[in-house]
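Okay, structure first, notes after.
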Amino acid sequence: MTERPGDDQILLDVRGLKKHFPIKRGWFSRTVGYVKAVDGVSFFVREGETLGLVGESGCGKTTTGRVVLRAMAPTEGEIWFNDRDQGRVNIPEVDASSLKRLRRNMQMIFQDPYSSLNPRMTLLEIVGEPLLVHGVAKGSELKDRVAELLKVVGLRTEYLNRYPHAFSGGQRQRIGIARALALNPQLIVCDEPVSALDVSIQAQILNLLQDLQQQFRLTYLFVAHDLSVVEHISDRIAVMYVGKLVESAPTKQLYTTPRHPYTEALLSAVPRPDPRRRTEPIVLQGEVADPANPPSGCYFHPRCRYAIDRCASESPELREIAPDHFVSCHRAEELTLQGVVAPTQAMAG
Amino acid sequence: MIDTRPPLIEVEDLKTYFYLDEGVVRAVDGVSFTIRRGQTVGVVGESGCGKSITARSIMQIVRPPGRIVSGSIRLHREPTAADRPGDVVEITRMDPMSKEMRLIRGGEISMVFQEPMTSLSPVHTVGSQIIEAITLHQPVSREDARRLTIEIFSKVGMQQPARTIDRYPHQLSGGMRQRAMIAMALSCNPSLLIADEPTTALDVTTEAQILQLMRNLQKELGMAIMFITHNLGVVAQMTEIVFVMYMGRVVETATVDDLFYDPKHPYTRLLLRSIPKLGSKAAGTAPRLESIRGTVPHPYAIPKGCPFHPRCGDMIPGVCDVVDPPLVKIGDSQEVRCHLYTPANAPGSGEVIPLTTT
């Protein structure tokens with residue numbers, strides 16, 4: 001990717017990121033192939049914005065989020081992070097001690113509020129752990145700081161000594177958010193933070209995330225599959241398909257004028273909560289490609305209704321088709337694709 | 001508009017309780033509704049509202065310590081001849097293990113689940129499971145049943161039906177398993193198909209495939225479908241009439257159009273406002289989401305009066321927190337369980353300010 005104007009605002013710059021998992025067989029665990037979970041992904045996130053990362057299960061969005069935080073090492077690629085304390089660093093290359101310092105500024109919120117909290121720890125221990133580990137606070141200072149964090153996420157401070165089982169799904173997600181906020185990070189990777197929650201609770205958590213972003217100038221990498229949720233929270237959105245980034249654009253642009261046929265199909269597949277707008281979705285034929293054995297050329301071509309011969313032989317590069325609008329499709333310029341029609345104003349919601 | 005189709009299932013004041021050591025959970029607490037022949041109904045509500053237990057009660061597959069405590073579920077059978085009306089059977093009076101109930105289950109009423117592996121056995125091929133279902137309910141030979149299975153496999157859009165029939169569930173993808181389960185549910189031409197969150201576990205493009213398939217199959221086979229879901233998009237796209245449930249009760253019944261364009265119950269209104277709608281940012285109308293304050297109360301501590309009152313913005317003190325709201329009929333097809341619409345409190349009587357419309 002070329003240098004972007006306003007480059008100093010870019011907090012996270014991912015270039016050519018790959019994460020391949022070996023497939024091992026036989027006596028000596030010979031590697032017989034690779035699952036290319038993430039296969040050459042490039043994107044950037046500006047400070048204070050939310051980048052939504054969407055795609056269907058197995059597309060590599062979660063792996064991308066994890067590799068960015070170096071929860072696992074990438075196979076290839078660069079992840080430039082503009083660290084508050086250490087300056088601009090390439091995450092895969094940093095050593096253990098600076099990685100630890102880096103972790104203060106990058107945190108994660110998980111999907112499942114039930115399995116991501118240790119049931120044997122109290123809220124004080126859960127939320128206070130990062131503060132202890134990084135030597136930020138201890139003793140009564142720690143307690144005060146945790147109480148303050150609980151207040152910030154809308155939980156009562158009396159809950160300090162309770163265990164996670166006493167809380168509902170929405171409250172647990174608040175606990176997870178409090179822990180992520182503890183060290184005052186710059187970047188938070190949110191991995192499907194609301195998909196396990198009921199709709200009424202979903203709205204509470206989405207609002208909380210938006211409030212916190214404003215309050216603490218947070219930057220979010222928001223990984224999710226729900227296109228309505230992602231639209232609501234994101235400034236820009238990147239769409240992944242079988243380990244590759246197929247399109248990224250500012251939210252409004254992506255939804256009204258998608259340039260990749262997969263984005264078009266994805267948007268049309270969402271069942272709209274409007275009975276007066278019963279639409280026939282573009283039904284994709286066949287199944288998502290196998291990331292261990294992807295098709296030739298553009299991975300989407302076997303299911304694409306606009307595919308031509310070239311799509312089967314030549315892999316399209318991600319290119320900037322309009323300012324901030326990136327797409328990897330050979331036919332992006334010539335196709336006119338259908339975006340989302342706005343919801344009816346009169347509707348009660 | 002009054003629906004004139006004959007009734008298929010009439011549920012009246014159904015109560016299904018769970019007797020646990022800690023106390024009694026009133027999972028379904030006085031639910032009444034009617035499903036007509038060939039009608040598509042939606043049952044919506046958040047987790048724990050009793051929507052799945054209502055469906056399981058109809059199938060008589062509520063697991064102990066849960067059981068149907070009272071109420072009735074009447075199944076109207078199709079008239080066998082023009083001059084003879086079909087018989088009406090009372091499902092709640094049947095022994096869940098009886099032969100008659102087993103024939104209804106999977107025969108006249110069948111069910112698909114969110115997770116296909118709950119109804120598919122991992123150690124039998126998908127085909128053999130469907131063949132078994134067919135031979136159990138219909139007087140056909142195994143060969144004919146196999147032929148029928150291949151037929152229904154191609155109907156549900158299975159690739160290479162004659163080969164897939166001999167596959168095991170684990171060899172199929174999530175979408176294909178869902179199709180196999182739908183094939184099994186439809187194999188005996190049920191008059192009611194209960195679909196419990198049939199697409200919740202699926203990706204959005206696979207969901208679109210399955211929803212389209214269900215729509216086409218209904219057109220072709222004409223069965224009634226009861227969609228149980230928390231996804232308001234699926235409700236809007238698939239159903240004719242909707243029952244909104246909250247804490248074991250139906251709080252609002254409306255046509256799908258009224259539900260989305262003229263919802264009455266404060267819970268329904270809040271639910272609709274709390275979901276992000278696709279395209280609203282593109283339209284420049286992306287307001288902050290409204291959320292319903294608090295959480296669903298604990299099942300052992302159901303609030304007095306209207307169970308929704310602690311979370312309701314239109315709560316009338318001294319009424320909603322004391323008196324159980326009655327069911328109020330509005331127009332021909334809408335019913336709401338809310339004090340705001342009872343004659344004494346109704347807008348226009350001068351006592352209560354009507355809800356603000358948005």
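Throughout, protein chains are lettered first and strands after them, A, B, ... in sequence-line order, and every chain is numbered starting at 1.
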Mutual orientation of the aromatic rings belonging to B:H265 and B:Y267 [parallel < 30°, tilted 30-60°, perpendicular > 60°]: perpendicular

Closest heavy-atom pair and its distance - A:R174, A:G154: NH1-CA, 4.1 Å

Distance-only polar pair, side chains of A:H225 and A:E192, donor-acceptor under 3.5 Å: yes

Contacting moiety of B:Q237, where chain A heavy atoms sit under 4.5 Å: both

Top contributor to chain B contacts, counting heavy-atom pairs under 4.5 Å, from A:V199, A:N207, A:V340, A:L284: A:N207

A:L206, part contacting chain B, at a heavy-atom distance under 4.5 Å: side chain

Largest heavy-atom contact set with chain A, pairs under 4.5 Å, which of B:T268, B:T239, B:V296: B:T239

Most contacts with chain A, counted as non-hydrogen pairs under 4.5 angstrom, among B:G48, B:G294, B:G157: B:G294

Portion of A:T257 that has a non-hydrogen atom of chain B nearer than 4.5 angstrom: neither

Side chains of B:E46 and A:S200, donor plus acceptor under 3.5 Å: yes

Heavy-atom neighbours of A:Q214 CD exceed 12 at 6.0 Å: no

A:R278 atom CZ: more than 12 heavy-atom contacts under 6.0 Å: yes

Side chain, backbone, both or neither of B:R311 within contact of chain A (heavy atoms, under 4.5 Å): side chain

Side chain / backbone / both / neither for A:I233 at chain B, heavy atoms under 4.5 Å: backbone

Partner chain B: residue of A:Q204, A:Q253, A:Q210, A:Q171 with the largest heavy-atom pair count (under 4.5 Å): A:Q204

A:D112 and A:S115: side chain donor to acceptor below 3.5 Å: yes

Heavy-atom pair count under 4.5 Å with chain B, highest-scoring of A:E231, A:K252, A:Q202: A:E231

Between B:S173, B:S291, B:A208, the one whose heavy-atom pairs under 4.5 Å with chain A are most numerous: B:S291

Geometric class of the A:Y241/A:Y262 ring pair [parallel <30°, tilted 30-60°, perpendicular >60°]: tilted

Any donor-acceptor N/O pair, A:S268 side chain to A:I282 backbone, under 3.5 Å: yes

Top of B:I275, B:V234, B:T205 for chain A proximity - count of heavy-atom pairs under 4.5 angstrom: B:T205

Under 4.5 Å from any heavy atom of chain B - which part of A:T251: side chain

Chain A contact via B:Q209 - which portion, at a heavy-atom distance below 4.5 Å: both

A:Y114 side-chain N/O to A:G169 backbone N/O, donor-acceptor pair under 3.5 Å: yes

Part of A:V283 lying under 4.5 Å from any heavy atom of chain B: side chain

